[in-house]
Peer 1: 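Let me give you the structure first, and then I'll get to my questions.
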4 protein chains.
Amino acid sequence: MAKIKGWNPEIKRQKILDSAIQILNRKEYHQCPIDEIAKNAGVAKGTVYLYFRNKEDIYFSVLINLIDKVIDIAENVQRNGLPAKKQLFLLLQRISNFIDTYRHLFLSIQQEVKPPKEKLRDRVHKKIGELIKAISVIIESGIKKKELKSYSSVALATIFLSLTSVIAHQKIEIRKHKIQQIDISPELLFKILMEGIEK
Amino acid sequence: MAKIKGWNPEIKRQKILDSAIQILNRKEYHQCPIDEIAKNAGVAKGTVYLYFRNKEDIYFSVLINLIDKVIDIAENVQRNGLPAKKQLFLLLQRISNFIDTYRHLFLSIQQEVKPPKEKLRDRVHKKIGELIKAISVIIESGIKKKELKSYSSVALATIFLSLTSVIAHQKIEIRKHKIQQIDISPELLFKILMEGIEK
Amino acid sequence: MAKIKGWNPEIKRQKILDSAIQILNRKEYHQCPIDEIAKNAGVAKGTVYLYFRNKEDIYFSVLINLIDKVIDIAENVQRNGLPAKKQLFLLLQRISNFIDTYRHLFLSIQQEVKPPKEKLRDRVHKKIGELIKAISVIIESGIKKKELKSYSSVALATIFLSLTSVIAHQKIEIRKHKIQQIDISPELLFKILMEGIEK
Amino acid sequence: MAKIKGWNPEIKRQKILDSAIQILNRKEYHQCPIDEIAKNAGVAKGTVYLYFRNKEDIYFSVLINLIDKVIDIAENVQRNGLPAKKQLFLLLQRISNFIDTYRHLFLSIQQEVKPPKEKLRDRVHKKIGELIKAISVIIESGIKKKELKSYSSVALATIFLSLTSVIAHQKIEIRKHKIQQIDISPELLFKILMEGIEK
DNA sequence: TATGAATGAGTGTTCATTCAT
DNA sequence: GATGAATGAACACTCATTCAT
C-alpha cells in the first residue's frame, strides 16, 4: 500500500495539520490564509490542497485532531484503575495542562461553530460526542461504585467538559492581560463539582 | 429635510446596533457584511460609519450591549430581596430565557475573542468583569448569610457564568440537530452546583 | 428614477460592456481577466461587479449586446421597402461590414457555447432566436411575393446566418494569415444562395 | 516489467489522443484538466508530457486528428466513382453522421481558434486547407463534367463545409434543448445548395 | 519510460472603507 | 448628517508543468 520508499502521505498531512494547529491557535480562522499555513508547514499552497479538500476541511480536521488528543487523555486516565473521583480529578488536571498549549483552539471546540457546510460540522459534533462518551465512562463507573450520585452520566460529562473551559479562559486572561487574578484552580473547580457550594 | 427637533444620535446608533445583533446572532462575523447590517437597520452603508469606527467596533459594541442586558438581569434579580440561593436559581432561569433569543451571540461572549485590535477587546473584557461582579454580589450576600460556602465570590461567579454556556449549547443542539437529547435543565445544573455530584 | 445629477448606471454599464467587447473580441474568454476589462474601461475591478453578477454574466451580456446590433441591422434593412432579394443582399453586406469590427465575437455567437450555467446560456439562445426571426421576416415576405421558393423561412434564415460565418472566417484568414486568398465575396455567396451551384 | 516486444509509442499517443477527444468533446477546453485526460487514458499525468509538448499541443492534435477523419471520409467518397453531385450529397450525409459523435469538437474546428501560440494554430489551418482541398477535388470533377457551375472549387468547398455546421448546430439544439424544431435536413441543405432559393 | 507529488502563478470574487455629492 | 458608488486589498482555489524517483 505505502510507497516502497520515503514518501508517506500521513506524515505530510500531519505536518500540515500541525502547522494549521499552530496558526489557528493564534489567530482567528479568517485571519489565517492557507498560504500562511502552507509556508509554516514548509510546503507550497497547492500542496495543502493535495491533502485537504478546502480550508474548512483543514479547520475541522484540526478540531477533530485536537478532540482526539483529549479523548486519548480521557481513555488513558480511565484505564489506570484508580477510583472514579481520583480519575476525574486527574482528568481535570491533564486537560488543564493540555489547555496550556491549545488555549484558543480548545475554546473553539466548545464554541458552537456556525453554519459552514453541515457535513463537516457534523464530523466535529460526532467527535465531541465521542469525547463526552469517554468521560462518561469514568463517571458511569463512579456511579456504579456509589462514589457519585446517580445523575445521567452523559449530562455530568457534558457539565464536566464545560467546566474545563473555565480553566481555558483563566489561562488566557492570566497570560495575556493579567487582569483580575481570580485564579480558579483545578483543585477548586473539582471541589465545587464534588461538594457543591451550598453550605 | 429639516431635522425634527428631537433628533437623537443615540437612537439611530441603537437602531444599527439592534440590526447588528439580529444579523450577528444568525451568522458568523465574516458572513455579515456591513451592508446587510445597514440595510437591515434601514440606513445606508456610509451611515454606519458615522456611528461606529469600523466593523470590529460594531461587533464589540454588540457584545457589550448584550452583556449589559445580562448585567441588568443580574442586578434586577439581586434587588428582589429573596435569599441568595433563590436569586441564583432565578438568575440561571432568566439567563436561560435570554439565551433563547441570543444563543449564538451569548456563546461569542464567553468565547475567547481572538487578536483584533487590543483596545476594543479590552472593552469587552471589562464588561465581562462587570457582569461577573454583578453576579458575585449575589453570591457574596449568600456567603455572608451562610447560605453558601465561603469561596471567592468572583471565582464562583465565573464558574456560574460558565455553566450557563452548557445551557446555550443545549439549546443549539436541540434546535438544530436534535442529537442525543441529554437535556441538562437549569434545575439539574443548579442542583449540582449547590450539592455537588459526590455521594 | 434617475439620480438628479450626473450618475447614470446604464452609461457606466455600457462603458464596461464596450471594454469587454474589445477585449473579448481579441482574446479567448479565459485569457481575459476581469481586471483587464475593468482597467480598459477605466474602473476598478470591484466596480465591474456592481454592474455584472460575474464574469459569465459579462460574457453573455456581450454576446447579447452584439446580437442586438445585428438584429437592428436586420430590422433596418427590412423596413426599407426594397424587394426581399435586395434586402437579403443588403443584409449580407451589412453583416459583412459588421464582421469587420467584431470578427471573433461574431463567430462566438454562432459557436455552440458549452456548459456554463444554463440560465445564462438560454438568454443567448433566445436572442439568437430573435435574430433568426428578424431575418426570417424578410425571407417570409420574399416568399409571399414569390421572389423566393417556399421553404421554411426559419430554416432559410438559419442557413443564411450560417453563411455569414463564411465571411467571418475569410476576414480572419485574410487579415491574419494571408493564406490561400480564396476570396468568397458577399456577392458570390449571395449568387450561390439564390441560384445554387448546379448547372 | 519487461516491455513487450512490440511496444509502440504511436499506440500510446493515440490512446491519449482518443481520451482527449472524448473529454474535449464533452466540455470546454479550460474545463478539461490534463489530469482527467490522463486518467481517462489510463496513464499518469507526467506521461502525457512525454507525448505532447503541452496542453495546447494536445488540443490542436485532437483537432487535426478529427479533421483527418473528415478528410478520410471525403477521399473515400471521392474514390467511389459516382457523379459529383451524388458524391457531395453522400459526403454531406457522412459528415452529418460524423457530427453525431463529435458535435462539439466539430464546431471547434470551424470556430476561429483565438490567439494561442501561432505555430500550433497554423497546423490546424493547414489541415483545414487539406480538408477543403479534398472536398474541392470532388467539386472540381463536378465542374469538369458540367454537373456544377464553374465557380472556384475552393470557394465552393469552403461554403460546403460551412453548411455542415448548420447540421452540427441542429444536433446540439435538438439533443440539448429541444428548442424550435426547425429541422434542416441534409436533404434540404443539399437541395438549396444545388438549386438556390430564388424562384 | 513512467509516475504523481509538488509547485506557484493566475484569477474570480468579496467586502470593509472612503468620499464626492 | 446621509448616501451609495467606487475602490482595491485580500484570499481561496485550480491546474499546467516540472522533476526526483
Side-chain angles (χ1 to χ4, degrees), chain A residues 3-9 12 29-39 42-58, chain B residues 1-3 7 9 12 29-39 42-58, chain C residues 3-9 12 29-39 42-58, chain D residues 1-3 7 9 12 29-39 42-58:
Chain A
K3 276 284 150 65
I4 286 117
K5 247 214 293 192
W7 182 77
N8 185 328
K12 183 155 276 187
Y29 181 78
H30 283 93
Q31 310 234 357
C32 301
I34 292 261
D35 210 19
E36 191 179 344
I37 292 172
K39 289 259 168 59
V43 300
K45 199 182 354 174
T47 307
V48 172
Y49 284 88
L50 296 178
Y51 296 90
F52 298 90
R53 240 188 319 266
N54 51 36
K55 200 183 173 187
E56 261 186 4
D57 188 23
I58 297 176
Chain B
M1 199 109 310
K3 287 285 146 60
W7 176 81
K12 186 161 272 188
Y29 181 78
H30 282 91
Q31 309 228 356
C32 301
I34 293 262
D35 208 20
E36 194 179 342
I37 292 171
K39 289 251 171 60
V43 300
K45 207 175 356 172
T47 307
V48 172
Y49 283 86
L50 297 177
Y51 294 89
F52 298 91
R53 233 179 334 231
N54 52 36
K55 199 184 174 187
E56 261 184 4
D57 187 23
I58 299 175
Chain C
K3 276 285 151 65
I4 287 119
K5 246 212 291 186
W7 182 76
N8 186 328
K12 183 155 276 187
Y29 180 78
H30 282 93
Q31 310 233 359
C32 301
I34 293 261
D35 209 21
E36 192 178 345
I37 292 172
K39 289 259 169 58
V43 299
K45 199 176 0 169
T47 306
V48 173
Y49 284 87
L50 296 178
Y51 296 89
F52 298 91
R53 238 189 321 263
N54 51 37
K55 199 180 172 188
E56 260 186 4
D57 187 24
I58 298 175
Chain D
M1 199 107 315
K3 289 284 147 59
W7 177 82
K12 184 160 275 191
Y29 180 77
H30 282 92
Q31 309 227 356
C32 301
I34 293 262
D35 208 21
E36 192 178 343
I37 292 172
K39 288 251 171 60
V43 302
K45 207 174 357 170
T47 307
V48 172
Y49 283 86
L50 298 176
Y51 295 90
F52 299 90
R53 232 179 334 229
N54 51 35
K55 199 183 172 186
E56 263 185 2
D57 186 23
I58 298 174

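Not measured: the values here are computed from a predicted model. Numbered from 1 within each chain, the chains take letters A, B, ... in sequence-line order. No hydrogens, no waters, no symmetry mates; every other heavy atom, side chains included, goes into these values.
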Peer 1: Specify the separation, in whole Å, of atom CD of D:Q31 and atom P of E:dG12.
Peer 2: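 In whole Å, E:dG12 P and D:Q31 CD are 13 Å from each other.
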Peer 1: Between atom CG of A:D35 and atom NZ of A:K45, what is the distance when rounded to the nearest 0.5 Å?
Peer 2: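 A:D35 CG to A:K45 NZ: 5.0 Å, rounded to 0.5 Å.
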Peer 1: For D:K55 and D:H30, which heavy atoms make the closest approach, and how far apart are they?
Peer 2: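 That closest heavy-atom pairing would be NZ-CA, 4.1 Å.
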Peer 1: Mind checking if B:H30 touches a base, just sugar-phosphate, or nothing, with heavy atoms under 4.0 Å?
Peer 2: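 The answer is sugar-phosphate, as B:H30 gets under 4.0 Å only of primed atoms, P, OP1 or OP2.
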Peer 1: Closest to the A:L50 side chain: F:dG1, F:dA6, E:dT7?
Peer 2: E:dT7
Peer 1: Considering residues at least two apart in sequence or located in another chain, which fulfil the side-chain contact (heavy atoms from CB on, under 4.5 Å) criterion with C:F52?
Peer 2: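 Testing C:F52 for side-chain contact (heavy atoms from CB on, under 4.5 Å), a comparison that skips the adjacent residues, returns C:R13, C:I16, C:L17, C:V48, C:D57, C:I58, C:S61.
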Peer 1: If I take atom CD from residue A:E36 and atom CD from residue A:Q31, how far apart are they, to the nearest 0.5 angstrom?
Peer 2: 9.5 Å
Peer 1: Could you tell me whether A:I34 contacts a base, only the sugar-phosphate backbone, or nothing, with contacts defined as non-hydrogen atoms closer than 4.0 Å?
Peer 2: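 Sugar-phosphate, no base atom in range.
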Peer 1: Just how far, in rounded Å, is P of E:dG12 from CD of C:E36?
Peer 2: 10 Å
Peer 1: Ignoring backbone atoms, test whether A:K12 places a side-chain nitrogen or oxygen under 4.0 Å from the OP1 or OP2 oxygen of E:dA6.
Peer 2: yes
Peer 1: Rounded to whole Å, please give me the gap between CD1 in A:I37 and C1' in F:dA12.
Peer 2: 11 Å
Peer 1: Starting from P on E:dC15, measure out to OH on B:Y29 and report it in whole angstrom.
Peer 2: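 Spelled out: OH on B:Y29 to P on E:dC15 is 12 Å.
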Peer 1: With the side chain counted from C-beta on, respond yes when A:K12 and A:L50 share a heavy-atom pair under 4.5 Å apart, and no when they do not.
Peer 2: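 No, every pair of side-chain atoms sits at 4.5 Å or beyond.
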Peer 1: What pattern of brackets, bars and dots sums up DNA chain E from 5' to 3', given Watson-Crick or G-U wobble pairs under 3.5 Å, [ ] for crossing pairs and | for another strand?
Peer 2: .||||||||||||||||||||
Peer 1: Quick one: A:D35 CG to E:dT7 C1', roughly how many Å, whole number?
Peer 2: 12 Å
Peer 1: Of B:Y51 and A:P33, whose closest DNA chain F nucleotide lies nearer the 5' terminus?
Peer 2: B:Y51
Peer 1: Is it the case that the base of E:dT7 and the side chain of A:K45 share a donor-acceptor contact (distance under 3.5 Å, atom types as modelled)?
Peer 2: no
Peer 1: Go nucleotide by nucleotide along DNA chain F from the 5' end; which of D:C32 and B:G46 gets its closest nucleotide reached first?
Peer 2: B:G46
Peer 1: Whole Å only: how far is the OH atom of A:Y49 from the C1' atom of F:dA16?
Peer 2: 18 Å
Peer 1: Closer to the 5' end of DNA chain E via nearest nucleotide, is it B:R53 or A:A44?
Peer 2: A:A44
Peer 1: Using whole Å, report how far CG of A:N8 lies from P of E:dG4.
Peer 2: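 Rounding to the nearest Å, CG of A:N8 and P of E:dG4 are 16 Å apart.
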Peer 1: Please evaluate the base of E:dT13 for a donor-acceptor partner in the side chain of C:K55 within a cut-off of under 3.5 Å?
Peer 2: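 Flag unset: no donor-acceptor pair detected.
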Peer 1: In whole Å, what is the span from the CG atom of D:D57 to the P atom of F:dA16?
Peer 2: 14 Å
